[in-house]
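Encoded as structure tokens, the structure appears first; notes follow it.
Proteins get letters first, then strands, A, B, ... in listed order; numbering begins at 1 in each.
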Amino acid sequence: MLDAIGVAQLDDLVASVPAELRARAQLRLEAGRSEAEVAAEASALAELNRGARGFASFLGGGFYRHYVPAAVSAVLSRAEFATAYTPYQPEASQGTTQAIFEFQTLIALLTGLDLANASMYDGASAVAEAVLMARRVTGKRRLVALARSLWPDYRETVQTYLSAFGDLETVEIPYDDTTGLLRLDRLESLPGKELLCAVAGYPNGFGTIEPLGKIAEIVHRHDALLVSATAEALALALLKPPGELGADIAVGEGQSFGLGLNFGGPGLGFMACRSEHVRQMPGRLVGQTRDRQGRQAFCLTLAAREQHIRRERATSNICTNHSLCALAATVYLSLLGKHGLRELAERNVQLAHQAATRLEQRGVRRRFSGPFFNEFALALDDPAGRQTIAERAGLLFGPALGESYPELAQSALISVTETNDSQQIERLCAALATREAP
Amino acid sequence: MLDAIGVAQLDDLVASVPAELRARAQLRLEAGRSEAEVAAEASALAELNRGARGFASFLGGGFYRHYVPAAVSAVLSRAEFATAYTPYQPEASQGTTQAIFEFQTLIALLTGLDLANASMYDGASAVAEAVLMARRVTGKRRLVALARSLWPDYRETVQTYLSAFGDLETVEIPYDDTTGLLRLDRLESLPGKELLCAVAGYPNGFGTIEPLGKIAEIVHRHDALLVSATAEALALALLKPPGELGADIAVGEGQSFGLGLNFGGPGLGFMACRSEHVRQMPGRLVGQTRDRQGRQAFCLTLAAREQHIRRERATSNICTNHSLCALAATVYLSLLGKHGLRELAERNVQLAHQAATRLEQRGVRRRFSGPFFNEFALALDDPAGRQTIAERAGLLFGPALGESYPELAQSALISVTETNDSQQIERLCAALATREAP
Amino acid sequence: MPALPGAVPLLFVESVAGRRGADLRACGAPQPRAAALVGEELCREEIAGFPELSEPQVLRHFLRLSQLNFAQALQFYPLGSCTMKYNPVVNDQMAALPGFAALHPLTPAHLAQGALELMARLEGALAEITGMDAVSLHPAAGAQGELTGLLVARAYHRKQGRMRSKVIVPDSAHGTNPASCSLAGFSMTVAKSNRRGFLEAREIARLLDDDVAALMVTNPNTLGVFEPEIVEIAALLHERGALLYLDGANMNALLGVAKPGDLGADIVQLNLHKTFSTPHGGGGPGAGPIAVKAPLDPFLPVPRLKRTEAGWMLDSKRPDSIGRLRSFYGNFAMLVRGYCYIRALGTDGLALASRLAILNANYLRKRLEDLYPSATAEPSMHECVLTHDLEKRAGVSTFEVAKRLLDFGFHPPTIYFPLIVHGALMVEPTETESKETLDAFVDAMRRIHAEALTTPELLKEAPHTLPFSRIDEVEAARHPILRWRPEGEPQR
Amino acid sequence: MPALPGAVPLLFVESVAGRRGADLRACGAPQPRAAALVGEELCREEIAGFPELSEPQVLRHFLRLSQLNFAQALQFYPLGSCTMKYNPVVNDQMAALPGFAALHPLTPAHLAQGALELMARLEGALAEITGMDAVSLHPAAGAQGELTGLLVARAYHRKQGRMRSKVIVPDSAHGTNPASCSLAGFSMTVAKSNRRGFLEAREIARLLDDDVAALMVTNPNTLGVFEPEIVEIAALLHERGALLYLDGANMNALLGVAKPGDLGADIVQLNLHKTFSTPHGGGGPGAGPIAVKAPLDPFLPVPRLKRTEAGWMLDSKRPDSIGRLRSFYGNFAMLVRGYCYIRALGTDGLALASRLAILNANYLRKRLEDLYPSATAEPSMHECVLTHDLEKRAGVSTFEVAKRLLDFGFHPPTIYFPLIVHGALMVEPTETESKETLDAFVDAMRRIHAEALTTPELLKEAPHTLPFSRIDEVEAARHPILRWRPEGEPQR
Ligand SMILES: Cc1ncc(COP(=O)(O)O)c(C=O)c1O
Ligand SMILES: Cc1ncc(COP(=O)(O)O)c(C=O)c1O
């Protein structure tokens, strides 16, 4: 091959890089390892993560422990899906494009909105992109209202994405100290003409279910858009869909749908909106069309919104998104199906309410009274101390709320899913109700 | 569907089974479980197998610990391979048939024989089938000579398979107490005219490398066939191939080639022989041919040997064999390739000899002096006691030889593969050389 | 490298000198030469012709090969007698757990209690399902189960002081049955099925004498018919001291419907890869446990599971045992799958599975009966054997019907089996196929029937739409090429 | 159900009322109705149109869909700028280890030391490879890395009391670069590449003023050319207090060849899914770590890895940080893969990988240069941009050449990019493809050239051999149908 090119040695090919730079580029890493050695080393690191096994876990706070059916990984590990790229050539990508089209449909059905995109990075960045999208829709307005009850990382991400825009201001809408729900009166009293959009969690960052319909009413009265943000996507199988309640853009995290935990990434940002706003939407979109023989087929479409066409005027810079995660969700949702998904959501509710009731009976009370799905905040004297006690008993729960909400220093979240059972709940009660000091 | 058939209910379809039998057929098992529950239960059982992880293992005795490259399971988990059946329809099975053809070639190359079949169940049953095959080849002879140094389970399996034939007799050829090798003089002195075949391990059941060429010379002088039986197939990458040394049928266990341990099953029986004996061979065979367009293609062939055609006069009753295991071996051998496989064999030899030397230096001696590949017998005062000491030190080794060889009650096997390292070897030395009582 | 699945060069042809895939050696200090350690004279040269390929090449090679296969997960695969049902993927996942997959067979029992417990539970479940007293998971496949069972029968009779030499096998039997008889040292007596497709007690009575060790019968038989006189036949056998061996390959019809033990069976083998859904792997590995009535228990192969105070262990000290037929105990990785399958379905699921399998078979039979009449008037269980008159009417063979089915994306049924039915198509849809799939199959079968009458060449030249056209099996047998050889080297 | 891969009905069309796949509920005592617990008024009806399918159906659906894809593991996929190299399967296996995959992101640090340690080592390796001082694994992909880097630049300038508003971006830039500038609140100034296809220091000097926050440049640039004046340009920028942002998407050319830090870069993002071989997944997930020089470290997003006496922890208390752009820290499952990749290759392997990638690109360029001349006379690094005159000579477009390539089983190169090259074909073969594959690709490209001149309709109507013929993208955009709707319900 060197001969064909007409050079004598490999390094002649990089002669365009000054020799001095090349000399300095010598890497000081270790020597390469055999596959067996790499596997042994990675396995040893995995073993060090003692929190990944052997604990009964009630950890929530944005990523949820759900059983992932084996068929999900059987599909995801197909090389045809895993090692393809963005379906730029539709004739060679009908597997990916059709699956995305199915994903878009499933998200539209779950959110009660007209359509959804092919995926965003995660829930937090999807919220930020939704706010920017709302800005494109509503034009010159200035004010972004964020519920304080929205997940802290979602709020922070919005702040980061907006930090570049001097003309935008965020305002925080407090929550009611009793119910844990957004203060409607404070939303009402915003300077309406300046409001661009409001963002509310659904359920919110305390696991509490915001009255989305009432919020929408107020926001729409201001001619602004309502963005709903859902971290526990499973809730959408049971709760009224955000679109039906008036949300204009519904975003969230789809990790619950077959992704597993993976120490927090990758997640699956989803975004749904009304048809009339589609041209302001960020991200890939797959549309239905036909091939020359008239067969139904699918391809990327409305690319004029995107960076590779519109460049600095694109709706977003997103390029690589979380396509395989969207596929996981599509497989997961198909497997559970209409009934299985609903029943799973119900099971989560039942167990979480059982836990809340049992804790209450042992004198450990919910911090907020609002309705909840599978996660709720507890009032605890010393959350960190309790976490230590629990850990000794083989239990994990949290996060504690104090770091993000100084006013809730004596509170922590409990998430209960189908991976828990009554016996684990009793152990949790014992750990949280005992008088023992940490 | 019931309507289409014309019955009122499902149970009408089983009306041909007397009602009383049906009533008694009511199963008393537990109720069905969700996938998550089954997975949790199976995982809990897997966890109970403490010996599967956390130990430095020197266990051998017929199944060997080798690293299985990830690409092997990536191929094996392809539904196209895993959920197909015997390739009766070649046009719809070129994946399976070509892979088997490649497997047959690889085994032929490794054994130095003309051809190989598509697989047998495991090494032990392959030996038994080889003896029956030798009988078909040699005609009316009576005597089957089994090296006592052959793996005990191989010997026992041959005995079981032969037990039905009153006209056959097995005779055991003892081993030399010093070298651990088959006593050539005893082979020599058999009643030559009656000898049907001799079976020798290669390496044998003490890990020792039999002088196959010399054995062949004697056996052929008797006009009998030599069957070589290899449990550690990796040895064939380094040792002279049995075919070259005069073995007429080479069988063995291919588990080392990418199968993993699986508590002993499935294994991969392989069988190779000379062209002239192919019509006496048991098992599936794939041959090369062409399709109508003249393209090279593959299909099952010489089926006239098999049970579905020849019925009670078939060469064997084997039907379902170990096709997917043969595929694993094919992928494994392709990945390692000519050089990788050889180097791996060398690495095994180096580590095993290092272990033998270090043990010797600590006063723990090999029981036999014969040459060895990656496994050898140790002389130990109290093998069981030593195993207990080793286990406490996080080490496994064995099997102890006493159960199968009463005369070797003070001996046990040590197998050393690339999964071991010098540090493990030192720990083993410490455990075996210490004076501590169990 | 074609766009669509197509021919893949042989590994050996793709090989390029010096290329390599996985390197499994650990890095380390230079070592003494291995050949010097073992003895130079014992070592071979490098293996000429062995492949030299990079890992990406190897993976692409086998992935492309995979694209040339039909498989149950992708296609309807109604291969009669093989029970190609859906294999839940979670079962594969469980078998791959390190706690199972990395367990050495000679691990001390106290460090392997999970595996032993799983096998003990599986034995218990299979005993309950079959209505038998003792189960051995030892055999590697159905055929090895047959041999095991027949050797057990032989040992049992011998223990009784009887040296019986014959086994009765119906003419409809699967080929492994007669072959197993020979392998077990029995001579075979063929019993004729009657014209309705089952075995009459009369026929058995006629053949029975004191030299008969057993009757070996599949139930439902290979026509898919539940043997109506089986209980009576069992009684006849037992009266004469003979045993009833029931080939359980068709147990998929009987779960919660009839227990072989209640039918009078003394021995039954199960094919886990059929009834209990372990994947077929392109021809195995499977697993062929056998179940026996109590008097035969002592003769089962070693090792056997044994409960001790310290937990489960494997016991080989069984003086009456026939011995072993393989290393270790059972195709464990398949046993894990079968166990998980039974747990997932449970009592009701298993009983429903058989009923739905029977429903699907009868639905197909009914919807095709005008064009492809059933070989028997008896009701079908989990499979049906169809016939046709296309040979007479259009010179089109069953073989050609099968090849044409490929073009419709269906794996053909088993053909020309059972041997007693001329040009048989043995269709076993299984319970995991949907009505839509069955309907699509019916449509294809009907269309093929029409094509046979109008455009028979369509069938004679089928398949037309696969990566390969008709493959010449006759040529393969006539001039066997059973391995690749380097260019220039002659085939032998 | 066709024999070969072909159209698969939508999930929603395959759905049959009442059918179900996985059931994840545990069995147990009957429970209070969930809606009653949550509040009836908060709950929805069942989701009309949601699919109802059995598990075998679902699996078959997606396996059949998979058969419609080209993919790197199966086909040569020389998609320029995307680095479609082989993804070692062991890396997927490692990422799936329960110790990683089942680790909750909010697990207390002392119970997650393995994951944190792995990330710390990866940060160290990436710092060494790039010659930078600090690395953040936070960003989810390259584009998010760009945004992160630009926000870091903004925060840095602000901290210096400078409010700079402009970023210079070359005309050859990838679309994400200008889009990221906008998202980061910068206005963009376009720098022109010279006729040889690179950026001259002169041009930068011309555009540079005190309002320029940074130059954002890809190196090698999108023509595959190493920017020869980059060091000089960096000096110019630094003199004026501006930063050099290096888009590291093309790092596959530079491993052990040149460190961005030595080139003067202040910020560089890496695309693990390109250079470090994490699979592309049909469009992600990827991972886009960013590396910066020390002065920018304080501005990196939170959280950051921090070493304490008790081990690693994630620290969010960083007052100057730009904040967070996502939840948690990085696409961890992809980081595991990238880490394993780096460990497997090591110092020499990485340096060789880049050199072989460059070798392969230059080999293709050379072998095609008579028919498809390179867009630049400069030497190519890891990819080459080819042109052709078929439009003029035969009215055949680049698009049509690409479609025809599909018939030969090759995924086409990136087309019409970079924008500055008319009808560009951007070919990136990567180091993991064999010479035989490259030769086959050359043959196909040459044959297509001949076809274009003799039988252009072959190209215009391509592809011919795929399950789908040319797909109408214009129609899709004109009448967008972005979701399935039940029969009768209008698309909106
Ligand atoms: C009726 C019957 N009996 C026995 C067997 C043999 O089982 P195996 O293939 O597992 O050896 C089969 C398998 O095809 C069968 O259909
Ligand atoms: C040069 C260049 N920069 C940036 C990106 C964006 O990276 P990502 O797709 O990971 O967001 C790409 C990806 O295509 C690229 O090629």
Is it the side chain or the backbone of [X] that comes within 4.5 Å of chain D heavy atoms, both, or neither?
{"X": "A:R28", "answer": "both"}
{"X": "A:N321", "answer": "both"}
{"X": "A:T330", "answer": "both"}
{"X": "A:H353", "answer": "side chain"}
{"X": "A:L13", "answer": "both"}
{"X": "A:L109", "answer": "both"}
{"X": "A:E41", "answer": "side chain"}
{"X": "A:L285", "answer": "side chain"}
{"X": "A:A39", "answer": "both"}

Are the side chains of [X] and [Y] in touch, meaning some heavy atoms are under 4.5 Å apart?
{"X": "D:K259", "Y": "A:L21", "result": "no"}
{"X": "D:R20", "Y": "A:E343", "result": "yes"}
{"X": "D:F62", "Y": "A:E102", "result": "yes"}
{"X": "A:L45", "Y": "D:F100", "result": "yes"}
{"X": "D:Q144", "Y": "A:S125", "result": "yes"}
{"X": "D:L97", "Y": "A:S43", "result": "yes"}
{"X": "A:M1", "Y": "D:N360", "result": "yes"}
{"X": "D:E473", "Y": "A:T301", "result": "no"}

From [X] atom [atom1] to [Y] atom [atom2], the distance as rounded to the nearest 0.5 Å:
{"X": "A:R53", "Y": "D:L111", "atom1": "CZ", "atom2": "CG", "answer": "14.0 Å"}
{"X": "D:L359", "Y": "A:L10", "atom1": "CG", "atom2": "CG", "answer": "5.5 Å"}
{"X": "D:I481", "Y": "A:Q288", "atom1": "CD1", "atom2": "CD", "answer": "4.5 Å"}
{"X": "D:L118", "Y": "A:F263", "atom1": "CG", "atom2": "CZ", "answer": "10.5 Å"}

So which residue, [options], ends up with the most heavy-atom pairs under 4.5 Å with chain D?
{"options": "A:R65, A:Q296, A:E403", "result": "A:Q296"}
{"options": "A:L327, A:L333, A:D421, A:L132", "result": "A:L333"}
{"options": "A:G337, A:A164, A:G51, A:A92", "result": "A:A92"}
{"options": "A:Q94, A:E91, A:E156", "result": "A:E91"}
{"options": "A:I209, A:V75, A:T83, A:V38", "result": "A:T83"}
{"options": "A:L300, A:L2, A:V286, A:V278", "result": "A:V286"}

Taking [X] first and then [Y], would you say they form a salt bridge - that is, a charged N and a carboxylate O separated by under 4.0 Å?
{"X": "D:E46", "Y": "A:R342", "answer": "no"}
{"X": "D:R44", "Y": "A:E244", "answer": "no"}
{"X": "A:D11", "Y": "D:R355", "answer": "yes"}
{"X": "D:D262", "Y": "A:R24", "answer": "yes"}
{"X": "A:E30", "Y": "D:R343", "answer": "yes"}

Could you tell me whether a side-chain N or O of [X] sits under 3.5 Å from a main-chain N or O of [Y], the two making a donor and an acceptor?
{"X": "A:N49", "Y": "D:G114", "value": "yes"}
{"X": "A:N317", "Y": "D:A143", "value": "yes"}
{"X": "D:E475", "Y": "A:R290", "value": "no"}
{"X": "D:T347", "Y": "A:A31", "value": "no"}
{"X": "A:Q307", "Y": "D:T176", "value": "yes"}
{"X": "A:T160", "Y": "D:R324", "value": "yes"}
{"X": "D:N69", "Y": "A:E80", "value": "yes"}

Using the test ring-ring contact (aromatic ring centres under 6.0 Å, His included), find all partners of A:Y85 that sit at least two apart in sequence or belong to another chain.
->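 A:Y85 satisfies ring-ring contact (aromatic ring centres under 6.0 Å, His included) with D:H280 once adjacent residues are dropped.
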
For the pair A:S93 and D:L68, evaluate side chain to side chain contact (heavy atoms under 4.5 Å, CB included) and give the outcome as yes or no after the intermediate values.
-> CA-CA 6 Å; A:S93 314; D:L68 302 177; over 6 Å; no

If you count heavy-atom pairs within less than 4.5 Å of chain A, which of [options] leads?
{"options": "D:L53, D:D348, D:D92, D:I129", "value": "D:I129"}
{"options": "D:G323, D:P98, D:S327, D:G286", "value": "D:S327"}
{"options": "D:Q72, D:E378, D:E117", "value": "D:Q72"}
{"options": "D:A179, D:G346, D:G185, D:C181", "value": "D:A179"}
{"options": "D:G281, D:A141, D:A34, D:A351", "value": "D:G281"}
{"options": "D:N87, D:T414, D:L59, D:L183", "value": "D:L183"}

Chi angles and distances behind the ring pair (Phe, Tyr, Trp, His ring centres under 6.0 Å) call for A:F63, D:F328 = CA-CA 10 Å; A:F63 256 40; D:F328 314 119; 5.0 Å; yes

Using non-hydrogen atoms and a 4.5 Å limit, figure out which bit of [X] sits close to chain A: side chain, backbone, both or neither.
{"X": "D:A48", "result": "backbone"}
{"X": "D:L151", "result": "side chain"}
{"X": "D:H174", "result": "both"}

Go through A:D291 and D:R470 one step at a time and tell me if the side chain to side chain contact (heavy atoms under 4.5 Å, CB included) criterion holds.
-> CA-CA 5 Å; A:D291 78 351; D:R470 188 78 60 85; over 6 Å; no

Check: A:Q293/D:S469 side-chain N/O donor and acceptor closer than 3.5 Å |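 Present: a donor and an acceptor within the cut-off.
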
Indicate whether any N or O donor in one side chain lies under 3.5 Å from an N or O acceptor in the other, for A:Q89 and D:Y77.
->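 Looking only at side-chain atoms, D:Y77 and A:Q89 do not form any donor-acceptor pair under 3.5 Å.
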
Side chain to side chain contact (heavy atoms under 4.5 Å, CB included) assessment of D:H104 paired with A:L396 | CA-CA 10 Å; D:H104 191 283; A:L396 299 174; over 6 Å; no

Checking D:R483 against A:F101: charged group under 6.0 Å from the ring centre and within 45 degrees of the axis?
->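 Negative - D:R483 is either too far from the ring of A:F101 or too far off its axis.
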
